[in-house]
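Please read the structure below before turning to the comments.
Predicted model only: the values in this text are computed from it and were never measured. Every chain is numbered from 1, with letters handed out A, B, ... down the list of sequences.
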There are 2 protein chains.
Amino acid sequence: MPAPTSPRDPARTLALLWGVATPGARGPQQSRTPAEVARAAVGLADAGTLEALSMRRVAAALGLGTMSLYTYVQNKDDLVDLVVDHAYGELYPQGAVPGDTWPERLREVARANVALVERHPWLLDVDLARPVLGPGETRKYDLELRAVDDVGLGDVEMDATVTLVVSHALAAARRARAARLVAETSGQTDDEWWEANAPVLEAIADMSTYTVAARVGSAAGEAQQAPYSASAELEFGLGRIIAGIEALLAHP
Amino acid sequence: MPAPTSPRDPARTLALLWGVATPGARGPQQSRTPAEVARAAVGLADAGTLEALSMRRVAAALGLGTMSLYTYVQNKDDLVDLVVDHAYGELYPQGAVPGDTWPERLREVARANVALVERHPWLLDVDLARPVLGPGETRKYDLELRAVDDVGLGDVEMDATVTLVVSHALAAARRARAARLVAETSGQTDDEWWEANAPVLEAIADMSTYTVAARVGSAAGEAQQAPYSASAELEFGLGRIIAGIEALLAHP
DNA sequence: GGGTACCACGTACGATGTACGGCGATATGC
DNA sequence: GCATATCGCCGTACATCGTACGTGGTACCC
């Protein structure tokens with residue numbers, strides 16, 4: 001890290017995220033709006049990876065000097081929070097998670113989250129474990145909770161259920177992206193890979209003891225080459241989670 | 001990014017991970033072993049965060065010049081792979097996942113992974129979605145698969161099950177760490193937080209529409225302050241996953 | 001109109017990963 | 001036993017990062 005992240009004032013971050021204008025403005029007005037900042041930053045991240053989201057580049061995209069960006073955000077972390085929350089705002093444009101039954105709605109939650117990170121792959125490089133508490137995440141959280149409201153779960157269980165489904169969807173998307181990336185950068189098929197690494201693999205004596213890993217790994221590898229493999233893994237976990245919740249509702 | 005990660009030769013990475021010596025060595029021998037490199041790097045990462053794992057620092061800890069480290073690893077990514085695989089080697093020192101029944105063993109898999117990332121928190125900052133294919137991860141994968149071998153699942157289902165449990169355990173650990181970090185850096189209780197942010201929160205008009213988020217969020221927040229909250233979230237997901245697999249075994 | 005608070009910006013610092021080239025030791029081929 | 005090709009090691013340099021600091025100009029309040 002170049003310089004340890006400077007401390008943030010949480011209240012200022014909240015005001016930025018929610019667009020609360022500070023009343024007493026003595027000097028000149030800011031020439032850009034926080035929404036413009038967020039849009040420019042999302043555009044940069046979408047075009048490349050999260051690495052493309054540098055303070056210098058975002059400032060340049062806004063037609064500002066580098067340090068001027070610091071009058072909008074306190075930090076780079078602040079900027080990332082702004083961008084993440086902005087992206088979350090795209091979810092559920094209908095204003096609700098569609099679906100007639102709660103299992104359908106949970107599946108839709110997973111599908112929507114996967115679609116979001118496919119549109120914005122850099123989201124997978126951000127630590128989403130910490131809450132942002134902006135309008136986008138709050139709305140997302142609210143709508144996803146409503147998907148499992150009134151089905152017989154307690155409040156804490158509702159939170160845990162939504163968290164479980166979303167984190168499973170993101171993990172599956174992350175693995176799908178990793179597999180895609182390996183296939184792209186290596187640029188070789190599985191056969192070519194085995195051929196290239198055969199001399200090394202043969203020199204590994206212990207390999208013969210990992211029989212289950214070899215058997216299952218090759219089976220999973222072949223399945224992964226089949227179309228819809230990513231959605232198959234997503235579907236397996238989703239099916240188990242939903243069945244597990246049904247079991248909980250049946251025997252509370 | 002300073003310089004776009006230089007390309008890697010996968011075969012060389014494999015040889016490094018498995019400790020395969022290259023036969024034709026004309027010049028002088030390396031003065032350190034790959035295991036020493038891994039130990040030094042793990043020590044640095046354990047002492048701080050993943051940021052502490054810089055090429056300069058690892059080289060210095062080994063008593064080497066910075067660029068000499070590049071005769072051991074091709075890349076920083078290579079170094080990270082080495083370190084991750086080394087850490088994975090600590091898992092299951094008994095040589096098997098303990099437990100009499102497969103649900104017990106799956107719980108043990110989750111517990112062991114959580115314990116591992118508590119000992120090495122920097123693991124949570126590494127993208128573990130892409131496979132490393134070193135001895136540590138191969139052994140881990142093999143032992144975890146054996147925990148659900150011969151219970152009636154197909155090969156692909158075994159893979160998906162283990163992946164689901166591990167990724168859930170890691171996600172829960174990540175959220176636990178994030179909550180701990182927020183509590184530490186803010187240094188204030190929940191009451192103090194609400195008081196500090198009350199003026200901002202009152203200015204947010206839309207907040208009143210997010211009734212479910214407010215209700216569940218505060219309930220989850222209070223539960224989070226209770227001891228064992230992290231393990232409670234872990235346990236909820238584990239229970240749902242296991243129940244879901246039982247349902248699958250009952251109705252295949 | 002004077003004072004003051006705030007936006008914008010240029011410069012500079014420490015940190016990162018790594019490309020490049022030179023030096024010196026060493027194990028092999030004769 | 002010796003020449004030489006090879007490889008470990010390292011110093012320097014470059015682009016890039018986040019951001020601390022200081023300066024100048026601008027718009028509002030009294």
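A 4.5 Å side-chain heavy-atom check between A:Arg175 and B:Ser167 finds at least one atom pair inside the cut-off. You'll find the side chain of A:His120 stays beyond 4.5 Å of the side chain of A:Val83, heavy atoms only. In this structure, B:Asp78 and B:Tyr72 have side chains that are not in contact, with every pair of non-hydrogen atoms separated by 4.5 Å or more. Taking the side chain as every heavy atom from C-beta outward, A:Leu123 and A:Leu116 approach each other to under 4.5 Å.
Of all heavy-atom pairs spanning B:Leu133 and B:Trp18, the tightest one is O-NE1, 3.0 Å. Contact detail for B:Thr138 and A:Ala213: the closest heavy-atom pair is O-CB, 4.2 Å. Scanning both residues, B:Pro34 and B:Leu82, for their nearest heavy atoms gives O-CD2, 3.9 Å. In this structure, B:Val117 and B:Ala173 approach most closely via the heavy-atom pair CG2-CB, 3.6 Å. The two residues B:Leu17 and B:Val132 make their nearest non-hydrogen contact at CD1-O, 3.6 Å.
Going from atom CG of A:Leu53 over to atom P of D:dT16 covers 16 Å, rounded to whole Å. Look at CE on A:Met55: it is 14 Å from P on C:dC9, rounded to the nearest Å. Spacing between atom CZ of A:Arg56 and atom P of C:dC9 amounts to 15 Å, rounded to whole angstrom units. A straight line from CZ of B:Arg8 to P of C:dA19 spans 13 Å, rounded to a whole angstrom. C:dT16 atom C1' lies 11 Å from atom CD of A:Glu51, rounded to whole Å.
Using a 4.0 Å cut-off between charged nitrogen and carboxylate oxygen, A:Asp77 and A:Arg8 do not count as a salt-bridge pair.
A heavy atom closer than 4.0 Å to some atom of DNA chain C occurs in no member of residues 11-20 of chain B. Against DNA chain C, the stretch residues 30-46 of chain A makes heavy-atom approaches under 4.0 Å through A:Gln30, A:Ser31. Remark: A:Leu64, A:Gly65, A:Met67, A:Ser68, A:Thr71, A:Tyr72 in residues 63-77 of chain A come within less than 4.0 Å of DNA chain C through at least one heavy atom.
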query: Stepwise, does the salt bridge (Lys or Arg N to Asp or Glu O under 4.0 Å) test hold for B:Glu144 with B:Lys140?
result: CA-CA 6 Å; B:Glu144 287 172 349; B:Lys140 166 177 147 73; 3.0 Å; yes
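Look at A:Arg57 and you'll find a side-chain N or O under 4.0 angstrom from OP1 or OP2 of D:dC17.
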